[in-house]
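Because only heavy atoms are used, hydrogens play no part in the values below, and waters and symmetry mates are left out as well, while side chains stay in.
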Amino acid sequence: MRRNEMGLIIANSTPLIALAKIGKIDLLKEIYTRIVIPEAVYEEVAISGEGKKGSVEITKAEWVIVKEVRDKKLKKFLQLELGKGEAEVIALACEANADLVIIDENRGRRIARMFGLKVSGTIGTIIEAKRKGLLNNVREVLDELIKADVWIGEDLYEEALKLCGEYSGGDMT
């Protein structure tokens, strides 16, 4: 598998869809140059999700590489606890020695960490974009996600703002 200068990055469907909903899926390209998704994620976003946000963006993105999971036993084992997409993300990350997995679901994140994988998610991507100067205001982006029906817990919202120096106290807007 070809690696970019940031290493091998494997993404799940939820972060792709969330970023596509607010027109910011290209942040992944700007931060990581290239990402890999397993076939199940491609199926969920581009085929089953046809006509929804993320579908067109993923099918046209030359910076998104679709890979098949070779370790079918690990994939099947992971599917005992996870959905097909999350299971394939973790299995592919393990077999390819990925540098980062981008996954939002708590169970998937926990299991990925149990396998020794470094984990980020949609909010982590937004924070990284701010650190790299690709975004000026994290609060605005988080609010866009919420308006697009992406659930963000109040603790996570506040923590993201604190990490980016934008926290001023109080509740989510």
Side-chain angles (χ1 to χ4, degrees), residues 1-129 141 144-146 148-153 156:
M1 240 176 258
R2 188 166 173 246
R3 293 175 181 260
N4 61 45
E5 59 268 8
M6 295 296 296
L8 180 61
I9 314 301
I10 301 179
N12 192 32
S13 56
T14 306
L16 300 174
I17 294 166
L19 291 169
K21 281 183 171 185
I22 61 168
K24 299 213 180 304
I25 196 166
D26 282 345
L27 285 177
L28 292 166
K29 178 184 178 189
E30 293 178 49
I31 295 168
Y32 304 115
T33 308
R34 170 178 321 253
I35 63 165
V36 174
I37 61 174
E39 290 175 330
V41 169
Y42 183 83
E43 165 69 32
E44 183 179 343
V45 177
I47 298 170
S48 298
E50 187 177 1
K52 296 179 183 173
K53 287 290 186 181
S55 176
V56 170
E57 293 88 343
I58 290 303
T59 56
K60 293 186 179 211
E62 72 285 347
W63 50 273
V64 175
I65 310 299
V66 181
K67 292 288 181 186
E68 178 184 2
V69 173
R70 292 181 310 235
D71 191 341
K72 306 298 185 203
K73 287 181 182 178
L74 178 57
K75 178 176 103 171
K76 192 169 187 151
F77 173 75
L78 289 166
Q79 282 183 265
L80 295 172
E81 290 291 324
L82 301 170
K84 190 174 181 182
E86 291 90 2
E88 286 197 13
V89 165
I90 294 169
L92 187 60
C94 288
E95 70 186 38
N97 197 24
D99 296 286
L100 179 69
V101 293
I102 303 173
I103 190 168
D104 283 344
E105 293 76 14
N106 284 331
R107 180 175 279 176
R109 292 169 70 90
R110 188 179 75 247
I111 292 172
R113 285 187 188 108
M114 287 171 47
F115 277 87
L117 299 169
K118 183 177 177 190
V119 178
S120 188
T122 303
I123 306 301
T125 300
I126 291 165
I127 292 167
E128 187 63 22
V141 177
E144 283 181 61
L145 284 167
I146 292 167
D149 292 325
V150 175
W151 186 85
I152 302 172
L156 181 57

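- Inter-residue side-chain proximity for I126 and L145 is flagged as met; some heavy-atom pair is nearer than 4.5 Å.
- Looking at K75 and K84, their side chains come closer than 4.5 Å, going by heavy atoms from C-beta outward.
- If you take CG on L117 and CG on D99, they are separated by 10.0 Å, rounding to the nearest 0.5 Å.
- Across all their heavy atoms, A87 and L78 have their closest contact at O-CD1, 3.4 Å.
- Looking at heavy atoms from C-beta onward, L8 lies out of side-chain contact with N97 at the 4.5 angstrom threshold.
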Could you walk me through whether E62 and K29 pass the salt bridge (charged side-chain N to carboxylate O under 4.0 Å, His left out) check?
CA-CA 10 Å; E62 72 285 347; K29 178 184 178 189; 3.5 Å; yes
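- The shortest non-hydrogen separation linking G85 to P38 is O-CG, 4.4 Å.
- The line from CG of D149 to NZ of K21 is 6.0 Å long, rounded to the nearest 0.5 Å.
- With rounding to the nearest 0.5 angstrom, the CD atom of E95 is 12.5 Å from the CD1 atom of I90.
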Going through the distances and angles, do I10 and V41 end up as a side chain to side chain contact (heavy atoms under 4.5 Å, CB included)?
CA-CA 10 Å; I10 301 179; V41 169; over 6 Å; no
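- Within the 4.5 Å cutoff, the side chain of I58 has heavy atoms near those of the I37 side chain.
- The structure places OG1 of T33 at 10.5 Å from CH2 of W63, a figure rounded to the nearest 0.5 Å.
- Taking OG1 from T14 and CD1 from I102, the interatomic distance works out to 12.0 Å, rounded to the nearest 0.5 Å.
- Residues V64 and Y42 fail the side-chain proximity criterion, which asks for heavy atoms closer than 4.5 Å.
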Under the side chain to side chain contact (heavy atoms under 4.5 Å, CB included) rule, what do V45 and I17 come out as? Steps first, then yes or no, please.
CA-CA 7 Å; V45 177; I17 294 166; 4.1 Å; yes
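- Residues V69 and E39 are not in side-chain contact: their nearest non-hydrogen atoms beyond the backbone lie 4.5 Å or more apart.
- In plain terms, the two heavy atoms of R109 and S120 that are nearest each other are NH1-O, 3.1 Å.
- Judged purely by atom type and a 3.5 angstrom limit, R113 has no side-chain atom pairing as donor or acceptor with the backbone of K118.
- Each of I152, D104, V141 was compared with I123 under the side chain to side chain contact (heavy atoms under 4.5 Å, CB included) criterion, and only I152 meets it.
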So N12 and V101, side chain to side chain contact (heavy atoms under 4.5 Å, CB included) or not? Walk me through it.
CA-CA 8 Å; N12 192 32; V101 293; over 6 Å; no
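- Minimum interatomic distance between E50 and S55 (heavy atoms only, all atoms of both residues): CA-OG, 3.5 Å.
- A donor-acceptor pair is defined here as one N or O able to donate and one able to accept, closer than 3.5 Å; such a pair exists between the side chain of E57 and the backbone of G54.
- Considering only heavy atoms from C-beta on, C94 comes within 4.5 Å of L74 through its side chain.
- The number of heavy atoms from other shown groups lying within 6.0 Å of NZ (K72) is above 12.
- Side-chain contact check for E86 versus I103: some heavy-atom pair is nearer than 4.5 Å.
- Atom CD of residue E30 and atom CG of residue L27 lie 6.0 Å apart, to the nearest 0.5 angstrom.
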